[in-house]
Amino acid sequence: MTELWFEISENPAYRHILLNHLPITGLAVSACVLAWAIWENRWRSLVFGLLLCLATSASGILVMQSGDAAYPFLFDQLDGAGQAWLDDHVALAERWGRALPTNALLATIALGIGARRASLRRYASAVVLCTTLGSLAAASVIATAGGQVRHSEFRFSSAPTGEAIAVSSGETSQKTHEARGPAVMRRLTEAQYRNAIEDVFGPGIELAGRFEPENRRDGLIALGSSRATITSSGFEQYERMASDVARQALAPAQRAKWIPCAPLDEASADPACAASILERVGPMLLRVPLSESNVAARVEVANQAVAELGDFYAGIASALTSLLVAPGFLFRIEATGGAWPDAALASRLSYFLWNAGPDAELLEVVGRGGLADPATYAQQVDRLLSSPRLEQGVRALFEDVFQFDDFDDLGKDPIRYPIFSAKVASHAKEQTLRTVVDHLVERESDYRTLFTTRRSFMTRALGPVYALPVRAESGWEEIDFPESSGRRGVLTHASFNMLNAHSGRSSATLRGLFLREALLCQHVPPAPADVDFGLFNADDSPEFRTARDRLEVHSSNATCRSCHLLTDPIGLGLERFDGMGRHRSTENGAPIDASGDLDGDRFEDPAGLGEAIAASDRLTACLAKQTYQYAIGRVTTLGERSWLRELEERFEDGGYKLKVLLREIVHSPGFLNAPGLARAERVTSAPSLLRRSAKEDAS
Amino acid sequence: MTFLITRRRLLERTLRGSLAGAGISVGLPYLDVFLNSNGDALAAGAPLPLRFGTWFYGCGMNPDRWNPTSEGADFALPPELQPIEAVRQHISVLSGFSVILAGETNHVHRTGVFGTLTGGAPKNTTEIDGPTLDVLIADTVGQSTRFRSLEMAAHGLAKDTYSMRSERARNSAEPSPLSLYQRVFGSGFTDPNAGEFAPDPKTMLRKSVLSAVTEDRKAIEGQLGQADRERLDEYFTSLRQLERQLELQLSAPPPLEACTPASAPKGSPVSQDIEHVAENHDSMTKVLALALACDQSRVFNMVFSAGASRLHTAGSADTHHTLTHEEAKDPELGYQPEATKFVLRSMEAWARFVDVLASVREGDGTLLDHSVVLCHSETSDANSHSVTGLPLMLAGTAGGRVKNGIHIRGAGESTARVGLTLQQVMGRNVARWGYRGNETSRPISEILA
């Protein structure tokens, strides 16, 4: 019993389901009781009836609260139609749900009036009866949509009509200004740290040290960095790295690239030059202007160091070290910068599109407050999107979405896979990222065709993995996979297949799991603790020679089937690629059957799987959601859900081009408005950029 | 001094009374005022410091081949405990202690280890309730050494760590013997027996660099929300820890006869191959023993293999973890032969670990005599991810406070009792520990000397 109570109190979805009948049946009963009481015209019965109305209407508040809390959990469990119904339910509840607390308030007022004036008792109660019936009607409408949120076999209709959902049009854009959430402080990732050093001090500085491990949260490392902090061992490493970087940056050859002034005497302090160096470098590193006390403190550090070590540049190195371990550098603090109200927005924009801090031009615009002007903002967005540095940002995004950080720990058995090495792994990763950048940034193609394209890149190191000749002795060459290779689309690249596998063999379940969670944003429940693998035979069993035979038990056993049907049919389609991503058509002598189905869409081979996934509408919706969350650094709030659907539509209208998605996101209210970012009141709607341009063309 | 002690006792009594209803008690850290200027009372014949450590290996054991049958001293070693034969006089075995789920899901490869280390079953896969055991003990005994604690991962993956204050503040592990050596004995290490001591002038500079950073604090904090403020606090705590390290480097450390620096270990390949892992582990243990003898840290955490152990033998398609699930039980032997080989290798590594610590002479005993190490795993029977009857062993007497060489049966009680006992042994003021069904106020008195 305690466990049941525990579940109820901990799980809002259970609470909601337990309570949500209460307003409806309760209101119906209260209406009847109140009607009878009015007919009977006794004060005691009227009080009873009004109190009943009050209580059952008030229960609606608990229902709505638990519904709010349960929404994210439920949303991820549902299929497409179920999600649409859930959103319909939420939209209706937002529109009509106020009826219930209002009714409760009216009942209270009626009780108050009735207590004072006997003559008005009946009329007040009659009014409450009408509003109760109205609330009952509203609750029933809300509940009808809610009732469709169930297993698809039990639904009465297939999809909501969509009237209640806030669709993109100028009139309903008043909803979008609620589509925002707080700005979060994010820890710098390794790539961002490196980019910052290179941007400020020029290339050629080596980083020696270990970065704090990243944490993947809700599918993205970007979300994990919004919760990350710095531990003592991590800080030791950062401090060591910082002093090493500072030392390298002030080596004579390197400092010529960035230092703005020279001291009068290299062996003694020069506060003026030190201050000008810090005022130049500080804002670039900390992404906000330095206050005077800040500069003074660091100049003091520099002077101390010069006095101790007798070298001006060693002094500057100490001051730089203090900048490189400052929280303003190691964390992206997206708060208003005082003198630069748009500094936070510039930082957010720059990290999203370039995975690096704002460059000199952007800082200059921010310095004169130019980002507040929408035209200037749009101009800067265009500049960032057409720069070659966009490639870095796109790489960082897809490294996160494709979970390529696992390459850092990847190891394969050297006896089973003798050609595997760290070089092969890093080239495999680079191959996929290069293909993505070429496809989405250079050629600006449709995202879905990434899974059906034969074009890719190859190096000598990857030649043996693909069993393809490579002409270029070193470096990358562009190739088209031949028909006979069986490879088509990024899913058939070695990278995914070697990442989502074991050290000595492939894994259909891991691959299927990756597809579901990372590419289709679906949640696959974890395995139960007491799962019995007794029926499962080892890799070299003579009876079950291929993975399909071995995993048969997953689909025949009722307990296993519910979750494994989500992953195995997809993963088995990739069994033509072994644990290293090499193509094979037999396993242990038996031919591999790579057919399967993706939510009903059948395919016969891995290329077919690419086509099936390209045709899935979840693919693009998932990318849109992941990219949006990556940009804002947090999970979307309830108010942003309708905006997400809007974003998916705009992505579709734009031909599923990545640049369209990126542009829509940086102009979205959720990106521009956050408590703490200065533009909180400025942007209230985000009309579709494509439609606006279409209208402009038309007019 | 007496006045302060009385006031502290008063504070303890009040706190204990007011928190009597809560499941977790607040331990009061030792105030630096009560210890001498070095913080460890080492000078002139005072007792040597106590150390605490955890030694973790993944995927448990076969309960019917691991749990000893008789209790007390001189128990017969069952087949999977045979590897500890040579060092059994230093080890006590605790069997039958479980993590009580109390309605929580058994999150595979997670509930067992965090149950033992935090005192209860975690609610989900992304958060833990409270700091782990070693962090709590380091708060008490780790304030006066250069490092609060040392984390090591023999399998080379720095991310695999079970030492954390919260899920987002995990102490990452040193992944190789060389990196451990460089961290402890690289720049910043002062040989306590070197005689002439001259503080490095750069240390003062490094301190001033850090103090310039703390100027930023107020300005930034004002702009942050609550959660972000807490993260910033943790950042400044880490900064303070480094400042403390630097302060220690400015004063001469007391001489320690057991501290005899050795040369750097060779770099070795990092992989999940059991041979490499065993080699790295042995190498790391030697560096660790030296680090402890030189009093660089008093708390350590060694991970031999992570939960869901990815150890494998070269040439095999399967890892330890996949074998525990997929290998069929041999009908004659009654257990999974290949998977059990890894259990034996893990136990052998543990025995070697204990042996290395026991071979360092220190004062009138050995390093192991002044330490207590908890060996644990995240599951007992890995096939069913069972968290009942977890394998637990204690090595070392913690300065005579803990009995070695006995076997204690837990009869299904919570592993929080073990955690409570260890905290009390290490001097942390805690009367109750554990949560959600694992609350306990009874330490394991049979193990206390």
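Note on naming: letters A, B, ... go to the chains in the order of the sequence lines (proteins, then strands), and numbering restarts at 1 for each one.
Using a cutoff of 4.0 Å between basic side-chain nitrogens and carboxylate oxygens, A/Asp413 and A/Arg505 are not scored as salt-bridged. Between B/Arg436 and B/Asp129 there is a salt bridge, with a side-chain nitrogen of the basic residue lying less than 4.0 Å from a carboxylate oxygen of the acidic one.
When the candidates A/Arg240, A/Glu214, A/Arg217 are compared by the number of heavy-atom contacts under 4.5 Å with chain B, A/Arg217 comes out ahead. Comparing B/Arg310, B/Gln245, B/Glu338 by heavy-atom pairs within less than 4.5 Å of chain A, the highest count is held by B/Gln245. For the set B/Ala212, B/Gly315, B/Ser187, the count of heavy-atom pairs under 4.5 angstrom toward chain A peaks at B/Gly315. Each of A/Arg210, A/Arg187, A/Glu300 has some count of heavy-atom pairs under 4.5 Å with chain B, and the biggest count is that of A/Arg210. Taking chain B as the reference chain and counting heavy-atom pairs below 4.5 Å, the highest number among A/Asp408, A/Asp409, A/Asn294 is found for A/Asp409. With respect to chain B, the highest number of heavy-atom pairs below 4.5 Å among A/Gly411, A/Ala305, A/Gly328 belongs to A/Ala305. With respect to chain A, the highest number of heavy-atom pairs below 4.5 Å among B/Val387, B/Thr126, B/Leu323 belongs to B/Thr126. Contact tally against chain A (heavy-atom pairs below 4.5 Å) for B/Arg206, B/Arg148, B/Arg165: the top residue is B/Arg206.
For A/Arg216, no part lies under 4.5 angstrom from a heavy atom of chain B. Contacts of B/Ser208 with chain A are made by both backbone and side-chain atoms, with heavy-atom separations under 4.5 Å. For chain A, the nearby part of B/Leu210 is the side chain; its heavy atoms alone come within less than 4.5 Å. In this structure, the portion of B/Ala173 lying under 4.5 Å from any heavy atom of chain A is its backbone and not its side chain. Residue A/Pro327 touches chain B through both its backbone and its side chain, counting heavy-atom pairs closer than 4.5 Å. In this structure, chain B has no heavy atom under 4.5 Å from any part of A/Leu286. Residue A/Ser506: no heavy atom, backbone or side chain, is found under 4.5 Å from chain B. Heavy atoms of A/Gln304 lying under 4.5 Å from chain B belong to its backbone as well as its side chain. With a 4.5 angstrom heavy-atom cutoff, B/Leu239 touches chain A via backbone and side-chain atoms both. Neither the backbone nor the side chain of B/Arg217 comes within less than 4.5 Å of any heavy atom of chain A. In this structure, the portion of A/Phe331 lying under 4.5 Å from any heavy atom of chain B is its side chain and not its backbone. Of the two parts of B/Lys202, only the side chain, counted from C-beta on, holds a non-hydrogen atom closer than 4.5 Å to a non-hydrogen atom of chain A. Contact of B/Glu174 with chain A is made through backbone and side chain together, with heavy-atom distances under 4.5 Å. Only the side chain of A/Asn215 comes within contact range of chain B, with at least one heavy atom under 4.5 Å from a heavy atom of that chain. If you measure heavy-atom distances from B/Gln241 to chain A, the contacts under 4.5 Å come from the side chain alone. In this structure, no portion of A/Leu323 lies under 4.5 Å from any heavy atom of chain B. Contacts between B/Thr313 and chain A at a heavy-atom distance below 4.5 Å involve the backbone alone (N, CA, C, O).
With B/Glu234 as the fixed residue, the salt bridge (Lys or Arg N to Asp or Glu O under 4.0 Å) test singles out one of B/Arg240, B/Arg168, B/Arg170, B/Arg229: B/Arg168. Among B/Asn301, B/Asn171, B/Val303, B/Thr132, the one residue that satisfies the side-chain contact (heavy atoms from CB on, under 4.5 Å) test with B/Tyr162 is B/Val303. When each of B/Ile128, B/Asp134, B/Val135 is checked for a side-chain contact (heavy atoms from CB on, under 4.5 Å) with B/Pro131, only B/Val135 meets the rule.
Taking both residues in full, the closest heavy atoms of A/Ser226 and A/Gly633 are given as OG-O, 2.6 Å, listed atom of the first, atom of the second, then distance.
Under the 30°/60° scheme for interplanar angles, the aromatic rings of B/His325 and B/His385 are found to be tilted.
When ring centroids are compared, B/His321 and B/His109 come within the 6.0 Å threshold.
Side-chain contact check for A/Leu320 versus A/Val245: every heavy-atom pair is 4.5 Å or farther apart. Within the 4.5 Å cutoff, side-chain heavy atoms of B/His155 are placed close to those of B/Asp160.
Between the B/Lys207 side chain and the B/Leu246 main chain, no donor and acceptor come within less than 3.5 Å of each other. No donor-acceptor distance shorter than 3.5 angstrom exists from the side chain of A/Gln237 to the backbone of A/Glu212, with no hydrogens or angles considered.
Rounded to the nearest 0.5 Å, atoms NE2 (A/His502) and OG (B/Ser316) are 11.5 Å apart.
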Evaluation steps, side chain to side chain contact (heavy atoms under 4.5 Å, CB included), between B/Thr324 and B/Phe342: CA-CA 10 Å; B/Thr324 57; B/Phe342 287 100; over 6 Å; no
B/Glu151/B/Thr161 under side chain to side chain donor-acceptor pair (under 3.5 Å): CA gap, chis, key distance, verdict: CA-CA 7 Å; B/Glu151 283 70 46; B/Thr161 175; 5.8 Å; no
